[in-house]
Amino acid sequence: MKFTIRKAEKKDLSQILELIQELATFEKEPDAVEINVQDLEKAGFGTDAFYTCFVAEVNNKIEGMALVYFRFSTWKGKTVHLEDLVVRQEMRGTGLGSALYKKVIAYSLEQGVKRAEWVVLDWNTPAVEFYERSGAKVLRDWDTVQMDENAMKSYLER
């Protein structure tokens with residue numbers, strides 16, 4: 001199968017949002033997506049772009065994407081965080097995910113960072129095993145902590 005991995009363009013955003021929704025459904029949170037195409041455009045394009053997105057294109061259709069942004073580690077300095085890597089369900093197993101992953105790792109090295117990082121659901125065994133085979137270390141003794149908008153407001157009102 002012939003495909004192209006490239007940096008996302010504004011015209012890709014509606015298909016990227018479809019992929020984000022598909023990922024939310026896969027992760028058993030189909031109603032969790034709150035952003036829209038305008039949010040993606042505002043945050044990802046222009047002089048103050050917050051993220052970079054790579055897409056996998058097959059026959060002029062976006063079939064996968066990987067969205068990354070910079071973080072800062074007090075131990076390592078600037079790092080690349082892979083927020084999401086998703087391939088449409090019907091295209092899994094075709095090599096698109098591996099190609100996107102390789103692009104993210106190459107981009108991380110091009111940016112001169114000392115670490116690329118991401119989270120993976122512990123029940124997503126195929127992903128965990130893929131990452132481990134690639135040489136990534138899955139830190140099983142760390143828990144991800146999040147606080148949503150309502151919890152932040154509630155905490156500050158105490």
Side-chain angles (χ1 to χ4, degrees), residues 2-27 29-89 91-92 94-121 124 127 130-131 134-139 142-153 156:
K2 188 174 178 182
F3 60 84
T4 303
I5 304 296
R6 62 173 174 78
K7 192 171 178 183
E9 301 171 12
K10 288 181 188 180
K11 67 181 177 72
D12 302 323
L13 292 176
S14 63
Q15 293 181 79
I16 289 169
L17 186 57
E18 288 174 12
L19 285 162
I20 292 168
Q21 186 61 59
E22 185 171 327
L23 179 63
T25 301
F26 173 78
E27 292 183 354
E29 294 205 43
D31 299 322
V33 178
E34 297 179 11
I35 63 167
N36 57 42
V37 169
Q38 293 76 24
D39 295 331
L40 288 169
E41 183 175 337
K42 183 178 179 186
F45 295 87
T47 56
D48 294 328
F50 187 74
Y51 70 84
T52 298
C53 186
F54 301 103
V55 295
E57 187 175 43
V58 180
N59 297 324
N60 297 314
K61 182 179 179 190
I62 305 303
E63 298 286 6
M65 67 91 165
L67 190 144
V68 300
Y69 58 89
F70 293 110
R71 293 176 63 181
F72 189 83
S73 164
T74 56
W75 292 6
K76 302 292 182 184
K78 188 176 175 182
T79 66
V80 167
H81 180 83
L82 171 59
E83 179 63 20
D84 285 322
L85 189 157
V86 60
V87 173
R88 292 189 197 276
Q89 185 171 354
M91 297 300 287
R92 293 182 188 148
T94 63
L96 292 181
S98 294
L100 283 164
Y101 180 70
K102 190 171 190 174
K103 180 66 174 177
V104 168
I105 301 306
Y107 172 79
S108 299
L109 287 173
E110 289 165 10
Q111 297 303 307
V113 301
K114 304 246 190 251
R115 180 171 72 202
E117 56 198 344
W118 56 94
V119 296
V120 61
L121 291 166
N124 191 350
F130 171 81
Y131 294 139
S134 79
K137 181 174 25 170
V138 178
L139 305 174
W142 286 75
D143 291 327
T144 299
V145 179
Q146 296 180 339
M147 185 180 277
D148 68 18
E149 183 179 16
N150 289 332
M152 289 186 284
K153 289 177 181 176
L156 291 176

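In this text the structure is predicted, and so the values were computed from the model without any measurement.
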Find out whether [X] and [Y] are in side-chain contact, i.e. whether some heavy atom of one side chain is under 4.5 Å from a heavy atom of the other.
X	Y	answer
R88	E18	yes
Q111	F70	yes
I35	V33	yes
I5	L100	yes
M65	I20	yes
I16	L67	no
T25	Q89	no

Locate the shortest heavy-atom distance separating [X] from [Y]; write the atom from each residue and the value.
X	Y	result
S14	V37	CA-CG2, 3.8 Å
E57	N60	OE2-CA, 3.7 Å
G44	A49	O-CB, 3.5 Å
Y51	E41	OH-N, 4.5 Å
F3	G95	CZ-O, 4.2 Å
M91	V58	CE-CG2, 4.0 Å

Using 0.5 Å steps for rounding, measure from the [atom1] atom of [X] to the [atom2] atom of [Y].
X	Y	atom1	atom2	result
L13	K42	CG	NZ	14.5 Å
L96	E63	CG	CD	7.0 Å
L40	Q38	CG	CD	9.0 Å
F54	L82	CZ	CG	10.5 Å
K153	M147	NZ	CE	13.5 Å
L19	C53	CG	SG	8.5 Å

Please check if the number of heavy atoms outside [X] that lie under 6.0 Å from its [atom1] is greater than 12.
X	atom1	result
F50	CZ	no
D48	CG	no
E34	CD	no
K11	NZ	yes

Contacts of Y101 that satisfy ring-ring contact (aromatic ring centres under 6.0 Å, His included) - sequence neighbours left out:
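Partners of Y101 under the ring-ring contact (aromatic ring centres under 6.0 Å, His included) test: W118, F130, Y131.
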Taking T79 as the fixed residue, which of R71, R115, E117 is the one that meets the side-chain hydrogen bond (donor to acceptor under 3.5 Å, both in side chains) rule?
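Of the listed options, the one satisfying the test is E117.
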Keeping the roles fixed (side chain from [X], backbone from [Y]), state whether a donor-acceptor pair exists under 3.5 Å.
X	Y	answer
Q15	I62	yes
N59	K61	no
Q21	P30	yes

How are the rings of H81 and Y69 set to each other: parallel, tilted or perpendicular (split at 30° and 60°)?
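Geometry flag for Y69 against H81: tilted rings.
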